[in-house]
Each structure stands twice: as C-alpha cells, then as structure tokens.
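From a predicted model like this one, the values you see are computed outputs, not experimental measurements. Residue numbers start from 1 in every chain, and the chains themselves are labelled A, B, ... in the order their sequence lines are given, proteins ahead of strands.
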Amino acid sequence: MQEPKIQLSNVRKAYGGRTVVDVENLALGRHGIEGLIGPNGAGKSTLMSLITHKVNLDHGSIVFNAGTEGVVLSEWSLDEIARLGVVRTNQIIQDFESLSIVDSILLSLAPPRYEKLYSLFSDEQMQREMRPAVEEYLSYFQFSDPAGHALSAGEKKLLDIIRCLALKPKFLLMDEPTTGLHQDQTDRVLELIRRLTRDDGMSVLIIEHDLDVIWNACEHVHFMAEGQIMTQGSPAEIRGNSTVEIKYLGEPGA
Amino acid sequence: MGLPTYVFYSLSIILVYVSLATLLQMQFGQLGIVNFGIVGFWGLGLYGFGVLLLQYGVPYLPSLILATALATLAAFVLGWIILDLDSQSVLVATLAFATVVADLATTEKWLTEGIRGLGSIPYPLDLGGDSELGLFLIILVATCGVLFYAVRLRRAPYGRLLAGIRDNEVLARGIGKPTLRHKLIFFTVTSGAMGFFGALSASIQHFLVPTLVAPTVTFSVWIALIVGGRQSPLGGLIGVLATIAVFDFLIELFVPIPAGYAQYLPIVKLMLYGLTLMIVLLYRPLGILGARK
C-alpha cells in the first residue's frame, strides 16, 4: 500500500437541488489498480468529472499528490490537469473525426514545442521521434485499417484509451473502458495497464459494469451509491459485503 | 509596362480577396472559428493606415506597421472576450464588431472625414508610371506568403492541433491542449494579417469612403471560401478566382455593358455570386476542392 495520490475531502456536487456526489473522505491511488463500482446514477462518472475539473465543485477539495506538496486540482483547468498527469478516458465515444488513427495518436504525443504558430517545418522531425511509439500502439492493438480512420465504436473507444496512455499519465481514470471492446482487446488493454502500473508507477481508477473486469484487474474496490462511498475493500471483501449485495449485486440482471 | 493601370488595380484587389479568403480558410476551415467580422479587421487596417498617414503625417512604413498592430490588438481583445463562447455567439459578435468599425468610419469625421472621404493615399513606392505595378508586386508577395503558410500549416503539428480543436475542443483539452490560448493566438495573428492587407489596400483605393467597409466584403469572402472549398488551403484562392475574379475582373472589364445599366452592376454581381454559391452547393457541397460526399 502506498501514499494516496488523490485525496478528496468533503466533495459535494448538486444539480438543481439533487445531490449527485457527496464524498466525505476518499483516498485514491493507494493500490495500483482500483475499481469504482455502483448502480447507475450513483455519481461515479460525475466524481471523475470533478477530479479532472470538467465539472465545477460545489464544495470541498481534491488534492493531487496528497503525500508530498499537494496540488489542489479544482484550481486548475481540465487541460492543465491533463498536463499534470491526471487523465480520463471517456465513457461516451469521443473522436477527432477528421484525424486518422495515426494523426490522432500523434496529436496526443505532440509536445508543446512542436505546436507553435511558427513551427511549420517540424513535422518530419516529430514523426521521426514519435513514429516508433505510434507503431508500437498500432501493432499491440489491432485496428482494421491502421493507416485510416477508427471505424467502429470499439475502435474509437480503443483510440481514446491509446490517446490517454500516450500522455504517460500518473493517474489514469477509466470510465467504462471495455464497453464496446472485443474480449481480446479488453484483455490487451488490461494487460498493458497492469504493466504500466507495475513498471511506471501509474495509478488507475476504473468504472466498470462488467464486474469480471473489476474482480480480475483491481486490487481494491470502492463501492458508490447515492453519491456516497458506501464501502471499500479488496474485491473479495466487496463481493461478500451485504450493502453491496442489496444495493447493487442483488439487482436483477446485474 | 504595356498593360493599362486598371488591370493592376483589379488584380491587386483580387489578390487581397485571395489573402482574406485564405486567412478565413485557416480560421474557419482549419480551426473552426466563425469569423463574420472580416471587413472589421480589414477596415481597421485600411482606415487606421489612412488616418495615420494623412491626418497625423506618419510615414508610410510606420503607418503600415501601426495599422496592422491596431487590427491585431482589436482581434486580441475581441477574441479574449468571445472565443470561449459557442460558434453562433462568435458569429454575431464578430459581425457586430465589423458594424461598429463601419459606423465609426462614418461618424468620426474628425478622423476619417466621414462620407466626404479621406484621400489621397500614395503608393508605397513612387515608381512613376510603374507605381501600380510596384504595389501589385508587394501584395503578390504577401499573398504568396499567406498561401504558403496555409499549405504548410496542414502538414505541421500545429495544423493537426488546430484540426483537433475544431473537431472536438473538450476532447483536445482532455489530452492536455490549452485550446483557448491556441485559439486566441491564432485568431489574433490571422485577423491582424487581415488588417495588414487592409492597410495595403488603402493604396489601391487612394480614397477612403465608408462604403468600402460595408459587410459585402465579408460576405464575398465567405461565398468565395465556401465555393472554393473550406477544407483545402487553396479553397480561398480557387473560390476567389471562380467568383470575384470572374465577375469583378473579367465581366466588368471585358463584357460591354450599356452605359445606362452600369449602376445595376454591383447588385447583379452579388446575385451572380449567390447563384454560383447555390449551384456549387447543389453539386459539390464541400466546394470545388472539397472531397465528394
């Protein structure tokens, strides 16, 4: 167990009088890969939006690298937070529709020094530097047309994950990453994430309704319902927890 | 030179339109900013230059630089206020900005001489009979510079970034791109360039009157870009050749028009632009250079 990477305190968010998130105290990133589960409408996605400051907090604080000198994330913008190393993959498919797969990955890899108004001739050099990394992603994840555009919903989802991984995040938030992916692609994503967690010290938080993914991949699971963190523990503890069973696992069809 | 001076006059105007349309291609086609205030930036350059040169006696080159700086500053302030708004708001705000510029050109008589007109503005180089040619060559070089930039931009990492912001700004922010800053810088510089071409245009026109800064300029540039193809860096060039060059240059100069009908020409011209636009949109919705759908 490590020091938490993200510490949430008294975090609250309401939409039109309805409290969506109300988390008193939550430490994230103490284990390599953590899961966030709970019924629909529990506030899981909103919690991630609050962490990356896609959505404004009503109250409370979210501190990144809480152990050392902390950064209060709610004072930074979405793009600054991404540059700090806190990155989120999207639940709903998001794509740059005019960019090919390669261009999309290159865009994510491009450091600011190449993205200047006056650097008109830097693409060749950037391609030389970045192309091997692009090729590595393309050979690891199989696209039906690697030279063209992401075609299916699954490929777009995969490309979204690759774009986030290309940023070399310190903390990766994954919002239902495996929805729409084939089983073998899901396995590859999880394998790569396990490796990055082990070798590069990346922390991951996964929201997932496919509970097999959670039980297999996560070392620690947070259970959320009605905007609150109800309980947390190892996958085995959560599976056996009576609250989880009543509020979530016992649901018909779950 | 054997060519009559009005040929260089017309060609210079066409080149200015090519530059404006290419700058709009970068703003709208590449980055997705709906700038309907083209004539505002161009007009600030035009009148700023004329006022500095004639009312304050500033020499030619400093006037050119200061007028460009004025348009750039206006673009920065306007962009700072509006660029994080949605595209409809940007459209309305830029259109309103251009209207303000046109109104000021009429009302601030102490600066602009109002509808009486401000003149006369000399050529940048006094070459006797070849002064028109000199101006034309300067504008040609500047236009080639803009076209070159637009073509290179497409293949540069910066162009990829701008396309990403156009496609999905929130997603671009999510992967760490400071999109608002990039939009503001690019809008400021390209709108400032429109002001630069406005300052150069003062010498083409000689005499500045408020009708020069009417919204027609903006609409002509937009029609040209849509006809030519907004996705291609050469869309502005092709569009201007297919519209303004045909109607303002070829028809106006070479088709004999009875004297009594000359007054209808500007109206007929706009109608013909519109007709061209409709025909192109019917058969090639993405413009002449656009990919077939």
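- Highest contact tally toward chain A, considering only B:V189, B:L171, B:T179, is held by B:L171 [criterion: heavy-atom pairs under 4.5 Å].
- Two residues are said to be in side-chain contact when any heavy atoms from C-beta on lie closer than 4.5 Å; B:I165 and B:K177 fail this criterion.
- Only the side chain of A:L167 comes within less than 4.5 Å of a heavy atom of chain B; its backbone N, CA, C and O stay farther away.
- Most heavy-atom pairs under 4.5 Å with chain A: of the set B:I185, B:L180, B:L153, B:L161, this distinction falls to B:L161.
- For the options A:E124, A:K116, A:K54, heavy-atom pairs under 4.5 Å to chain B are most numerous at A:K116.
- Contact annotation for B:V170: both backbone and side-chain heavy atoms come within less than 4.5 Å of a heavy atom of chain A.
- Counted by atom type alone, A:Q91 and A:T179 present zero donor-acceptor pairs between their side chains at under 3.5 Å.
- In this structure, A:R188 forms no cation-pi arrangement with A:F141, as its terminal cationic atom is not both closer than 6.0 Å to the ring centre and no more than 45° off the ring axis.
- In this structure, the portions of B:R160 lying under 4.5 Å from any heavy atom of chain A include both its backbone and its side chain.
- Within the 6.0 Å centre-distance limit, the rings of B:F41 and B:F97 are counted as a close aromatic pair.
- Taking chain B as the reference chain and counting heavy-atom pairs below 4.5 Å, the highest number among A:F121, A:Y114, A:Y118 is found for A:F121.
- Of the N and O atoms on the side chains of A:S152 and A:E155, not one donor lies less than 3.5 Å from an acceptor on the other residue.
- Defined by atom type and a distance below 3.5 Å, a donor-acceptor pair is missing between the side-chain atoms of A:T46 and A:K13.
- Salt bridge absent: A:K156 and A:D160 never bring a charged side-chain N and a carboxylate O closer than 4.0 Å.
- Using a 4.5 Å cut-off between heavy atoms, A:Q127 contacts chain B through its side chain alone, with no backbone atom that close.
- Of the residues considered (A:V87, A:N90, A:L106), A:L106 shows the highest number of contacts with chain B, using heavy-atom pairs under 4.5 Å.
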